[in-house]
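Below is one structure, written out as structure tokens; the observations come after it.
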Protein chains: 2
Amino acid sequence: MARSRAEMMQETRAKLIAAARKAFAEKGYADASMDELTAAAGLTRGALYHNFGDKRGLLAAVVNQIDEEMAAKATAIASHIEGEWQALLVQGSAYIEMALDPEVQRIVLRDGPAVLGDPQQWPSQSGCLHTTQETVERLIAEGFLKPVDPEAAARLLNGAALNAALWIAASDDPGEALPKALDAFQLLASGLLK
Amino acid sequence: MARSRAEMMQETRAKLIAAARKAFAEKGYADASMDELTAAAGLTRGALYHNFGDKRGLLAAVVNQIDEEMAAKATAIASHIEGEWQALLVQGSAYIEMALDPEVQRIVLRDGPAVLGDPQQWPSQSGCLHTTQETVERLIAEGFLKPVDPEAAARLLNGAALNAALWIAASDDPGEALPKALDAFQLLASGLLK
DNA sequence: CAATTGACATACGGTGCGTATGTTTCTATT
DNA sequence: AATAGAAACATACGCACCGTATGTCAATTG
């Protein structure tokens with residue numbers, strides 16, 4: 001069956017995003033060459049600027065893809081947990097563990113904010129942040145949490161989890177740091193409980 | 001009085017750092033031109049590569065300077081507070097407010113980690129982080145806090161404060177977001193209390 | 001079946017970093 | 001005190017890279 005034009009274009013976009021994911025993760029955004037990137041995908045820079053506008057646009061597409069994957073994982077995990085409060089804790093732990101992935105760290109947590117600006121302004125709206133806020137809102141509505149601003153709480157929880165992940169990743173012994181971080185995270189989160 | 005050789009060099013270093021602070025804050029690290037930077041300081045790129053090695057070295061020097069200023073402010077503020085727990089809260093609030101400075105945000109919080117890597121690994125060791133950890137350690141020793149890993153707790157607290165600041169700065173109405181963030185921060189921190 | 005548009009490739013210009021090479025001023029040694 | 005050496009910076013060069021402008025070929029449309 002002959003692929004249609006739209007299918008062809010989606011394929012080149014996918015190839016470019018995949019190559020960019022690899023290059024951005026390995027070399028970082030600044031040191032990733034668009035020539036090498038596109039050549040690795042069997043294309044040229046022409047395809048890039050046609051599909052994504054510029055280098056930032058490609059990074060945005062990559063970040064979107066990763067972010068969607070993270071959000072999907074987070075919701076999938078949380079859906080198996082009974083109890084909203086446990087779900088929030090598990091979600092936070094999941095976020096910490098996902099943020100241990102070097103690809104996530106480099107692209108989403110380091111270069112992403114530096115190049116694209118505040119994650120909250122991204123079209124994906126930083127999926128994990130969004131799901132966290134929704135959980136917090138439900139918990140407040142059900143009376144489990146003190147009356148705190150949901151967005152602020154979600155922001156701080158995610159910030160705490162993010163820094164926990166960065167700390168663990170840079171740690172000499174991640175296996176030792178992880179439980180400490182999870183423990184501290186649950187303690188902090190318990191401050192929101194009534 | 002004739003300035004000595006070392007004094008002259010310190011002066012050029014100071015001039016370069018000052019010019020870099022302005023350029024990095026206004027244009028961001030990537031878009032800051034070394035030629036313009038040094039010309040604004042009345043020098044050339046030669047002085048730069050002699051004193052700081054490369055562009056990253058200059059950013060590191062700038063980050064160090066700002067970080068030291070922040071740590072000095074934080075300790076100065078905390079020293080006037082009686083009670084370690086109140087000091088910790090005030091310190092966190094001070095950190096949030098300092099992080100509202102666009103210069104701090106852009107250079108220390110965005111470009112710094114992206115270019116230089118994890119702040120914990122910086123020579124300044126991210127001053128605020130260090131002072132926070134010390135306060136947490138004292139509070140644990142005095143029995144005010146649950147037995148949590150001090151480094152982990154300091155990391156998460158600072159991460160929460162940092163994201164609070166980023167949220168406020170990107171908010172439509174910072175004046176409204178600030179008290180919400182401070183409230184959420186204090187709630188989270190109270191989770192560490194016995 | 002012409003004409004036009006879309007999807008990409010190729011070619012070009014400009015900018016900016018890092019380094020290699022000068023140049024001048026201070027220092028040190030005899 | 002004179003010269004050798006180095007330090008501090010300026011100048012000059014090469015290279016890589018991004019963005020755009022232009023070209024090309026296939027597909028679609030009337």
Side-chain angles (χ1 to χ4, degrees), chain A residues 1-63 107 111-112 114-117, chain B residues 1-63 107 111-112 114-117:
Chain A
M1 147 187 180
R3 295 179 301 275
S4 75
R5 268 164 95 62
E7 283 170 346
M8 293 277 289
M9 193 159 179
Q10 286 293 33
E11 191 178 326
T12 72
R13 287 177 61 93
K15 281 196 285 191
L16 287 175
I17 290 177
R21 263 181 90 146
K22 196 176 295 185
F24 289 159
E26 288 174 358
K27 309 191 167 189
Y29 174 80
D31 292 337
S33 164
M34 308 299 268
D35 279 322
E36 293 180 10
L37 228 177
T38 52
L43 296 162
T44 68
R45 288 215 321 279
L48 239 176
Y49 288 93
H50 186 69
N51 282 282
F52 299 101
D54 60 350
K55 194 178 182 182
R56 289 182 64 218
L58 180 60
L59 175 62
V62 170
V63 164
I107 299 178
D111 290 336
V115 176
L116 304 175
Chain B
M1 145 185 181
R3 295 179 301 273
S4 76
R5 204 107 208 82
E7 282 169 346
M8 295 276 290
M9 190 156 180
Q10 286 291 33
E11 191 178 325
T12 73
R13 285 178 63 94
K15 282 196 284 190
L16 287 174
I17 291 178
R21 263 180 90 147
K22 197 177 295 185
F24 288 160
E26 288 173 0
K27 309 192 167 188
Y29 175 79
D31 292 338
S33 165
M34 308 297 269
D35 279 322
E36 294 180 9
L37 227 175
T38 51
L43 297 163
T44 69
R45 289 216 319 281
L48 239 174
Y49 288 93
H50 186 68
N51 282 282
F52 299 100
D54 60 350
K55 193 178 181 180
R56 287 182 65 219
L58 180 59
L59 176 62
V62 170
V63 164
I107 300 178
D111 290 335
V115 176
L116 304 175

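Residue numbering restarts at 1 for every chain, and letters A, B, ... go by the order of the sequence lines. All values reported here derive from a predicted model rather than from experimental measurement. Both backbone and side-chain heavy atoms feed into the values below; hydrogens, waters and symmetry mates do not.
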Q.
From CZ of A:Arg13 over to P of C:dG6, roughly how many Å is that when rounded to an integer?
A. 16 Å
Q: Provide, to the nearest angstrom, the distance between the CG atom belonging to B:Leu37 and the C1' atom belonging to C:dT15.
A: 15 Å
(Q) Please report the distance, rounded to the nearest Å, between CG in B:Asp31 and P in C:dC17. (A) 10 Å
Q) CG of A:Asp31 to CD of A:Glu26: how many Å apart, nearest 0.5 Å? A) 12.5 Å
Q) Within a reach of under 6.0 Å around NZ of B:Lys15, are more than 12 heavy atoms found that belong to other residues, nucleotides or ligands? A) yes
Q: Please report, rounded to the nearest Å, how far the P atom of D:dA27 is from the CE atom of A:Met9.
A: 16 Å
Taking only distance into account, with no hydrogens and no angle test, what donor-acceptor pairs under 3.5 Å do side-chain atoms of residues 39-46 of chain A form with protein atoms, sequence neighbours excluded?
| from | atom 1 | to | atom 2 | distance (Å) |
| --- | --- | --- | --- | --- |
| A:Thr44 | OG1 | A:Gly46 | N | 3.2 |
| A:Arg45 | NH1 | A:Asp35 | OD1 | 2.8 |
| A:Arg45 | NH1 | A:Asp35 | OD2 | 3.4 |

Q: Take A:Leu59 and A:Ile107 through the side chain to side chain contact (heavy atoms under 4.5 Å, CB included) test and state the conclusion after the steps.
A: CA-CA 8 Å; A:Leu59 175 62; A:Ile107 299 178; 4.0 Å; yes
Q | Nearest-angstrom distance from the residue atom CD of A:Gln10 to P of C:dA7 | A | 11 Å
Q: Take B:Lys55 and B:Leu58, measure what side chain to side chain contact (heavy atoms under 4.5 Å, CB included) needs, and give me the verdict at the end.
A: CA-CA 5 Å; B:Lys55 193 178 181 180; B:Leu58 180 59; 5.7 Å; no
Q. How many angstroms lie between atom CZ of B:Arg13 and atom NE2 of B:His50, to the nearest 0.5 angstrom?
A. 10.0 Å
Q. Side-chain N or O of B:Thr12 less than 4.0 angstrom from OP1 or OP2 on D:dA8?
A. no
Q: Determine the minimum heavy-atom distance between A:Leu37 and A:Ala23, stating which atoms define it.
A: CG-CB, 4.0 Å
Q) When all nucleic acid strands are considered with a 4.0 Å heavy-atom cut-off, which category describes B:Ala32: base, sugar-phosphate, or nothing? A) sugar-phosphate
Q) Whole-Å distance between C:dA9 C1' and A:Met34 CE? A) 16 Å
Q) So do the side chains of A:Phe52 and A:Leu16 get within less than 4.5 Å of each other, counting heavy atoms only? A) yes
Q | Positions of residues 49-58 of chain B (non-hydrogen atom under 4.0 Å from DNA chain C), listed by number | A | B:Tyr49, B:Asp54, B:Lys55
List every contact pair, protein side and nucleotides 10-14 of chain D side both N or O, where the distance is under 3.5 Å.
| from | atom 1 | to | atom 2 | distance (Å) |
| --- | --- | --- | --- | --- |
| D:dA10 | OP2 | B:Thr44 | N | 3.0 |
| D:dA10 | OP2 | B:Thr44 | OG1 | 2.6 |
| D:dA10 | O5' | B:Thr44 | OG1 | 3.3 |

Q | Distance, nearest 0.5 Å, that separates OG1 of A:Thr38 from CG of A:Asn51 | A | 12.0 Å
